[in-house]
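A note on names: the letters A, B, ... follow the listed sequences, proteins ahead of strands, and every chain is numbered from 1.
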Amino acid sequence: MASLTLITSAFFNLFKKPACYMYPFKTRDFFPNTRGTLQIDIDKCIYCGICVKKCPSQAIEVKRVKPAKPDEPAPTEKSTWTLTRNRCVTCSSCIENCPKKCLYFDPKTYNASSTSKIGPEVHQNA
Amino acid sequence: MGNRTIVPFGPQHPVLPEPIHLDLVVEDEKVVEAIPSIGFIHRGLEKLVEKRDYQEYVFVAERICGICSFIHGLTYCLAVEEVMKVQVPDRAKYLRIIWSELSRIHSHLLWLGLIADAFGFENMFMQSWRIREKILDIIEETTGGRVIFGSSKVGGVRKDISPETMQRILVLLNTYEKETRELGDKFLADYTVKNRLVDVGVLTKDAGYLLGAVGPMARASGIPQDLRQTGYSFYDKIKFEPIVSNTCDSWGRCDVRIREIYQSFDMIRQAAKLMEVGEIAVDVKGNPEGEFFMRTEQPRGEVVYYIKANGTKNLERLRVRTPTFANLPPLVSILPGVELADVPILVLTIDPCISCTER
């Protein structure tokens, strides 16, 4: 009977745990594989530009400054790796093709805002 | 003859997941005629194929639609692989089946929630989307994204599922199947649901065949057509029968989709058992040349990808014929004669995915 099903399921629901996460006391953890935001370990980068070629949405720009020869003065600029985060579609083409494996996704910053008001992010060696 | 008015339905409407416009000619609460207009979400993605090379375009193909995204990417990869005569490894083919069926489960659960919400059954909407969240968690764990998987590439797949993860997923899927069966059976047996759906929007088998209905819309009218029987990507190794209902009405379409969810759970189990350790992709070099029609089974029906390549790295032409586009004439034919309040239900029984329809 329908009313008996209703009463029994209502009774057992009193003792079951809640169906959803009790946010903010418990947060949902992201998985290791989750594609969050693209990050770079800039000290390992050799500015080869492979990530620029593989990116389907032209989100990365690399400016490589050649190191000075022994009898020349040191260059005034540093090589830079620039990411326009709004264009990144988290396809992981750059991560798969990077020869030095310095690119990775950070799942913890999954919700970071990536609007066009925040300009391109420039990374360079310290 | 009563008063005729024209009621515009959409493009903004609470039950519609995506914008479509129908001009309904209504005479005293009964719909006499329906005139559809589409074009609100056209993005020119077929033109974009001339600008992105054939390997990069997989990412665009996946973003044609949010609900059926994996199978769009898969069909594009299958079409280019046929043209370039690429042999995809066996493990990649089974992984593609697993992700396709997970995609089908999440799409049908989404649809179940929407159609329950359309006639006010909000509890069913919340429960089915709760189970869908758990399926999306499995997809996120294996591919990295909940909606856009990003795991297809020309030549195979980009991510692998380890045997331990696969075992854990199969155990979880058993629990989810039990919960889904409880929901689905209760939905189909409910008195109020039957009152709203039985004998509403009848599409006879001959009309369905002549108008070109595809997918669950056709299978609910008794046409046993399921593109997975053509055997692409190792579907010929999976034992299944197309799910057919002979009731030809909206209730039959709901029945077909709900039973397809149960069938997909079984197909994932079969694929996981047959899958062996191996490579997941091959390197593809060179440029495609030739043309090919690829047809696969999306959750909504048959999708056709026609590609034409001329030896350069960009394809010359891509044409996508999506199932919702094929189901629009049957929709327009079943609308006359129903009450105005049944129109949202009928629009949802074709499972409209308008962003695929106009790329």
Part of [X] lying under 4.5 Å from any heavy atom of chain A:
X	value
B:F149	backbone
B:D137	both
B:S151	neither

Should the heavy atoms of other residues, nucleotides or ligands under 6.0 Å from [atom1] of [X] be counted, would the total exceed 12?
X	atom1	result
B:E179	CD	yes
A:K101	NZ	yes
A:E77	CD	no
B:K134	NZ	yes
A:E61	CD	no

(Q) One pair to check against side chain to side chain contact (heavy atoms under 4.5 Å, CB included): A:S57 and B:R52. What are the steps and the verdict? (A) CA-CA 9 Å; A:S57 46; B:R52 299 270 177 270; 5.8 Å; no
Q: Check A:S92 against B:K159 and note the closest heavy-atom contact, atom names and distance.
A: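 Minimum heavy-atom contact is OG-NZ, 4.3 Å.
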**Q.** Exercise: identify the closest heavy-atom pair between A:N33 and B:T142
**A.**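 Residues A:N33 and B:T142, closest heavy atoms: ND2-O, 3.9 Å.
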Q: Enter the distance from B:R63:CZ to A:C91:SG here, rounded to the nearest 0.5 Å.
A: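 Between atom CZ of B:R63 and atom SG of A:C91 there are 7.5 Å.
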Q: Enter the distance from B:E56:CD to A:K53:NZ here, rounded to the nearest 0.5 Å.
A: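 It is 13.0 Å, given to the nearest 0.5 Å.
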Q. Is there a donor-acceptor contact under 3.5 Å from the side chain of B:R158 to the main chain of A:E96?
A.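 Answer holds: no.
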**Q.** Ion pair B:E140/A:R28, N-O distance below 4.0 Å
**A.**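 Counted as a salt bridge, because a side-chain N and a carboxylate O are separated by less than 4.0 Å.
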Q: State, with a plain yes or no, whether a side-chain heavy atom of A:T34 is found less than 4.5 Å away from one of B:E141.
A: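 No, side chains not in contact.
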